[in-house]
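Everything on this sheet refers to the single structure shown next.
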Amino acid sequence: MAAAGSAGVPATVSGKQEFYQLLKNLINPSCMVRRQAEEIYENIPGLCKTTFLLDAVRNRRAGYEDPHPRVRAAACTTLGQMATDFAPNFQKKFHETVIGALLRTMENQGNQRVQSHAASALVIFIEDCPKSLLLLYLDSMVRNLHSILVIKLQELIRNGTKLALEQLVTTIASVADTIEEKFVPYYDIFMPSLKHIVELAVQKELKLLKGKTIECISHVGLAVGKEKFMQDASNVMQLLLKTQSDLNNMEDDDPQTSYMVSAWARMCKILGNDFQQYLPLVIEPLIKTASAKPDVALLDTQDVENMSDDDGWQFVNLGDQQSFGIKTSGLEAKSTACQMLVYYAKELREGFVEYTEQVVKLMVPLLKFYFHDNVRVAAAESMPFLLECAKIRGPEYLAQMWQFICDPLIKAIGTEPDTDVLSEIMNSFAKSIEVMGDGCLNDEQLEELREILRAKLEGHFKNQELRQVKRQEENYDQQVEMSLQDEDECDVYILTKVSDILHSLFSTYKEKILPWFEQLLPLIVNLICSNRPWPDRQWGLCIFDDIIEHCSPTSFKYVEYFRWPMLLNMRDNNPEVRQAAAYGLGVMAQFGGDDYRSLCSEAVPLLVKVIKCANSKTKKNVIATENCISAIGKILKFKPNCVNVDEVLPHWLSWLPLHEDKEEAIQTLSFLCDLIESNHPVVLGPNNSNLPKIISIIAEGKINDTINYEDPCAKRLANVVRQVQTSEELWLECVSQLDDEHREALQELLNFA
């Protein structure tokens with residue numbers, strides 16, 4: 001067997017039999033057998049592996065016997081794993097064979113466990129399958145799923161069998177979630193059966209089925225939208241309320257709890273403000289679940305060994321024959337409940353105000369809940385939304401709440417050990433500063449924050465040095481390098497959050513924060529040195545961009561620190577660095593004042609060179625290029641004395657429209673409106689010859705969703721179109737050069753703006 005595995009399993013009858021035995025070994029209770037099987041499995045060529053897996057799933061005869069049900073179940077599981085590991089290429093290459101094989105396996109009534117594994121594999125496959133591919137099989141797949149649902153529902157009624165049905169409703173939810181509005185034609189055939197399952201599932205052993213079905217109903221409702229779902233909304237809400245009432249008298253670790261909590265959140269999203277009437281019924285059990293304290297214990301090693309894995313405990317050996325244990329079964333429910341509280345505060349705002357104080361008193365201590373990372377993430381994420389709710393009750397109430405939140409949040413930035421959680425805490429703090437505004441931090445808090453940020457920046461540089469040392473050690477190899485790169489990505493991510501916090505301070509305090517910032521200035525200058533890695537230079541430039549944008553004209557006092565790095569980095573190989581430099585040159589023109597005139601003049605040829613580069617519009621480079629185009633537009637608009645406007649304007653117009661950077665795109669369209677409304681001769685062209693190009697630019701802006709009807713620019717652009725329409729000949733000339741999509745876009749703009 002080992003020899004066959006190491007050479008790659010041959011595509012023969014005996015090869016298939018060995019492969020099926022290998023699948024059995026992958027789920028063998030023995031660790032040694034599983035490990036050997038995993039090593040052999042890894043060496044089998046991918047296409048051969050997929051072929052054997054599909055044969056096993058389809059239950060094709062391999063020589064003289066059908067694969068065992070356990071083999072087929074393992075094959076389904078392995079297909080699911082491959083769909084995860086090799087997504088989305090696996091889906092693109094094998095969509096036809098995999099979807100067909102899994103659906104046929106789900107239809108086969110021979111073994112519930114195989115059906116369940118097939119349904120699970122289909123869920124995983126769908127998650128990363130491009131929507132366009134899934135739509136090819138949509139009708140047959142959905143009708144297949146409905147036929148199976150009807151059969152399984154009858155089996156539930158007759159025999160109480162539920163295993164395959166539990167996984168089936170999850171599969172239906174996944175399909176609805178993926179295809180969204182395309183599920184509308186199938187809504188009416190699924191919803192009655194799903195509601196019936198919830199009504200039937202009253203016994204204790206059907207709790208999980210009921211929870212998963214409620215989750216499925218909420219996914220289907222979200223997919224089809226409020227208008228379609230409203231026909232069942234009242235009935236579904238009554239089912240949820242009945243289940244919620246039953247849950248209030250159940251155990252804390254009831255399997256329905258997390259499904260119910262998530263379903264309520266989706267109902268909130270579907271119903272919007274109409275959901276507020278149900279909030280009082282939902283919030284109490286939610287707060288109860290979020291407030292639950294975990295069971296912990298200090299046990300002798302012998303006691304730990306006697307406990308079963310199924311008891312839901314995890315232990316850490318403390319030495320001296322003792323272990324610390326925590327019961328984990330309720331932690332996921334606690335985490336989910338906390339996340340849902342965040343969701344309600346975010347979505348309902350005014351409707352959540354009366355619960356704000358109760359929830360903030362729950363969430364702030366959870367910043368130190370080290371038993372579960374996602375609980376701390378939810379606690380941090382809730383803070384700016386709770387502050388937004390508190391704002392509705394007035395400035396005094398808001399100030400009291402901020403006083404309760406601020407110090408623990410700053411301390412959490414300094415003490416949080418997990419990088420992912422730390423990034424969320426820092427992000428939350430930055431958003432909270434933006435909610436609270438100028439003057440929200442006292443001198444002691446600012447001092448503490450600066451020392452924490454200094455430590456993060458110094459740690460960033462120190463970690464880079466240590467990684468370079470490790471690259472010189474004897475045991476350095478590719479695996480070590482991958483680990484070092486992962487560490488570097490984590491460090492850079494924290495650097496982005498340092499930038500976010502500084503951005504929030506610059507944008508709220510303006511130039512008043514600069515004396516505080518100057519103690520960090522040497523560290524930021526170090527980021528943009530030419531020998532630093534490109535992410536350092538990118539984020540260092542972003543910090544100086546913020547200073548220029550929000551703290552000008554005072555920002556000019558630092559110009560010698562960033563002048564040459566900003567100009568030189570316009571030629572950097574990394575588009576992210578070029579984008580940061582180009583954005584900085586644009587805000588210099590827009591906000592910098594007269595002191596920046598000479599620097600803007602120097603910038604124009606560098607910006608033009610990037611724009612005219614042969615590969616400037618490739619996917620990798622386009623965002624940086626569009627920032628360059630926008631920067632030239634800002635120089636033309638705000639510093640026209642720095643450049644020959646009439647010479648540069650035709651080039652600038654030829655580079656429009658912008659597609660990818662929506663914020664910069666709308667600014668360029670706004671400047672274009674200025675020029676048209678002032679009848680600028682260079683922009684309009686001789687005898688209005690540029691108007692077809694301008695009309696095309698406007699249509700492109702609508703197609704690419706750059707134009708937002710709430711933005712004043714939309715009305716101005718619509719007025720430009722209407723003005724052109726007053727000349728029938730000119731209008732016909734413009735629209736004759738457009739295809740149907742562009743004409744429809746213009747008509748839509750005129751209808752709504």
Notebook entry, point to check: Under 6.0 Å from the CD atom of Gln479, do we count more than 12 heavy atoms belonging to anything else shown?
Noted result: no

Margin query: Given 3.5 Å as the limit, does a donor-acceptor pair link the side chain of Asn442 with the main chain of Glu444, or not?
Written below: yes

Note to self: Less than 6.0 angstrom separating the ring centers of Tyr509 and Trp516, yes or no?
What the structure shows: no

Checklist line | Pairing of Lys431 and Glu434 as salt bridge, 4.0 angstrom limit | finding: no

Next item on the list: Answer yes or no: is there a donor N or O on one side and an acceptor on the other, between the side chain of Thr84 and the main chain of Gly80, under 3.5 Å?
Entry: yes

Checklist line | Residue among Leu422, Asp418, Leu366 satisfying side-chain contact (heavy atoms from CB on, under 4.5 Å) with Arg376 | finding: Asp418

Notebook entry, point to check: How far does CZ of Phe404 sit from NZ of Lys361, to the nearest 0.5 angstrom?
Noted result: 7.0 Å

Checklist line | Separation between OH of Tyr355 and SG of Cys389, rounded to the nearest 0.5 Å | finding: 12.0 Å

Notebook entry, point to check: Does the distance from a Lys or Arg side-chain N to an Asp or Glu carboxylate O, for Glu388 and Lys346, drop under 4.0 Å?
Noted result: no

Note to self: If we ignore hydrogens and angles and just use 3.5 Å, is the side chain of Gln590 paired with the main-chain N or O of Phe638 as donor and acceptor?
What the structure shows: no

Item checked: Qualifying residues under ring-ring contact (aromatic ring centres under 6.0 Å, His included), relative to Tyr558, sequence neighbours excluded -> none

Checklist line | Donor-acceptor under 3.5 Å (Ser616 side chain, Thr625 main chain) | finding: no

Check: Between Lys557 and Glu511, is there a side-chain N and carboxylate O pair less than 4.0 Å apart?
Finding: no

Next item on the list: Could you please spell out the steps behind the side-chain hydrogen bond (donor to acceptor under 3.5 Å, both in side chains) verdict for Thr336 and Glu332?
Entry: CA-CA 6 Å; Thr336 304; Glu332 281 303 323; 4.9 Å; no

Next item on the list: Please name the pair of heavy atoms, one in Lys391 and one in Val435, separated by the smallest distance, quoted to 0.1 Å.
Entry: NZ-O, 3.3 Å

Note to self: Checking the side chain of Asn526 only, and the main-chain atoms of Pro522 only, is there a donor and an acceptor separated by less than 3.5 Å?
What the structure shows: no

Next item on the list: Would you confirm whether Lys639, through its side chain, and Ala589, through its main-chain N or O, come within 3.5 Å as a donor-acceptor pair?
Entry: yes

Check: For Val604 and Cys642, what are the C-alpha separation, side-chain angles and deciding distance, and is it a side-chain contact (heavy atoms from CB on, under 4.5 Å)?
Finding: CA-CA 9 Å; Val604 171; Cys642 299; over 6 Å; no

Next item on the list: Measure from the side-chain N and O atoms of Gln472 to the backbone N and O of Val469, and report whether any donor-acceptor pair falls under 3.5 Å.
Entry: no

Next item on the list: Determine the minimum heavy-atom distance between Pro365 and Leu362, stating which atoms define it.
Entry: CD-O, 3.4 Å

Note to self: Looking at Lys662 and Glu626, is any side-chain nitrogen of the basic one under 4.0 Å from a carboxylate oxygen of the acidic one?
What the structure shows: no

Notebook entry, point to check: Testing Asp572, Asn621, Asn627 for side chain to side chain donor-acceptor pair (under 3.5 Å) with Arg578, which one passes?
Noted result: Asn621

Next item on the list: Could you pull out the closest heavy-atom pair between Leu636 and Pro640, with the gap in Å?
Entry: O-CB, 3.5 Å

Checklist line | Value rounded to 0.5 Å, distance of CH2 in Trp652 from CG in Leu607 | finding: 14.0 Å

Next item on the list: Search all heavy atoms of Ile410 against all heavy atoms of Ile452 and return the closest pair with its distance.
Entry: O-CD1, 3.3 Å

Next item on the list: Answer with yes or no whether the side chains of Arg467 and Gln464 bring together a donor and an acceptor at under 3.5 Å.
Entry: no

Note to self: My understanding is that only residues two or more places apart in sequence, or in another chain, count here; which of them pass salt bridge (charged side-chain N to carboxylate O under 4.0 Å, His left out) with Asp546?
What the structure shows: none

Next item on the list: Decide yes or no for Ile494 and His460: does some side-chain heavy atom of the first lie under 4.5 Å from some side-chain heavy atom of the second?
Entry: no

Margin query: Quick check against the 3.5 Å criterion: does Thr178 have a side-chain atom that pairs as donor or acceptor with the backbone of Ser174?
Written below: yes

Item checked: Residue pair Gln339 / Ser335, side-chain donor-acceptor N/O under 3.5 Å -> yes

Notebook entry, point to check: Phe371 vs Phe369 aromatic rings, parallel, tilted or perpendicular, using cut-offs 30° and 60°?
Noted result: perpendicular

Check: Would you call Asp594-Arg597 a salt bridge at under 4.0 Å N-O?
Finding: no

Checklist line | Residues that Lys334 engages under salt bridge (charged side-chain N to carboxylate O under 4.0 Å, His left out), provided they are two or more places apart | finding: none

Item checked: Within-4.5 Å side-chain heavy-atom neighbours: Arg563 and Tyr596 -> no

Next item on the list: Would you give the length of the straight line joining atom CD1 of Ile528 to atom CG of Leu568, rounded to the nearest 0.5 angstrom?
Entry: 10.5 Å

Next item on the list: Measure the CG-CG distance between Leu484 and Asp488 for me, rounded to the nearest 0.5 Å.
Entry: 9.0 Å

Checklist line | Any donor-acceptor pair under 3.5 Å from Asn708 side chain to Glu710 backbone | finding: yes

Margin query: Would you call the rings of Phe562 and Phe544 parallel, tilted or perpendicular, taking 30° and 60° as the class edges?
Written below: tilted

Item checked: Intermediate values then yes/no, side-chain contact (heavy atoms from CB on, under 4.5 Å), Val123 and Glu127 -> CA-CA 6 Å; Val123 169; Glu127 281 177 358; 4.0 Å; yes

Check: Ala290 and Ala337: which non-hydrogen atoms are nearest, and at how many Å?
Finding: N-CB, 3.7 Å

Check: Can you tell me if Asn374 uses its side chain to pair, donor with acceptor, with the backbone of Val377 under 3.5 Å?
Finding: no

Notebook entry, point to check: Given Lys612 and His651, is the side-chain contact (heavy atoms from CB on, under 4.5 Å) satisfied, shown in steps?
Noted result: CA-CA 10 Å; Lys612 289 188 171 182; His651 296 286; 4.3 Å; yes

Next item on the list: Return yes if a side-chain donor-acceptor contact under 3.5 Å exists between Tyr583 and Glu549, otherwise no.
Entry: yes

Margin query: Tell me whether the count of non-hydrogen atoms from other residues, nucleotides or ligands lying under 6.0 Å of OH in Tyr561 goes above 12.
Written below: no

Checklist line | Neighbour count >12 (heavy atoms, 6.0 Å) for atom CD, Glu347 | finding: yes

Next item on the list: For Tyr343 and Leu348, run side-chain contact (heavy atoms from CB on, under 4.5 Å): C-alpha distance rounded to whole Å, both residues' side-chain angles, the deciding distance at 0.1 Å, then the answer.
Entry: CA-CA 8 Å; Tyr343 189 85; Leu348 296 176; over 6 Å; no

Checklist line | Atom pair OG/CG of Ser428 and Asp500 - distance to nearest 0.5 Å | finding: 11.5 Å

Checklist line | Polar side chain donor-acceptor pair, Glu481 to Gln485, under 3.5 angstrom | finding: yes

Check: Should we say atom NZ of Lys609 is surrounded by more than 12 heavy atoms from elsewhere, each under 6.0 Å from it?
Finding: no

Next item on the list: Taking all heavy atoms of Met570 and all of Ala581, pick out the closest pair and write down the distance.
Entry: SD-CB, 3.7 Å

Check: When you look at CG of Asn573, are more than 12 heavy atoms from neighbouring residues, nucleotides or ligands closer to it than 6.0 Å?
Finding: no

Next item on the list: Starting from the C-alpha separation in whole Å, work towards a yes-or-no answer on salt bridge (charged side-chain N to carboxylate O under 4.0 Å, His left out) for Glu473 and Lys470.
Entry: CA-CA 5 Å; Glu473 293 176 353; Lys470 288 180 181 178; over 6 Å; no

Note to self: Is it true that, when you exclude Glu602 itself, more than 12 heavy atoms of the residues, nucleotides or ligands shown sit nearer than 6.0 Å to its CD?
What the structure shows: yes

Check: Are there more than 12 heavy atoms of other residues, nucleotides or ligands under 6.0 Å from atom CD of Glu447?
Finding: yes

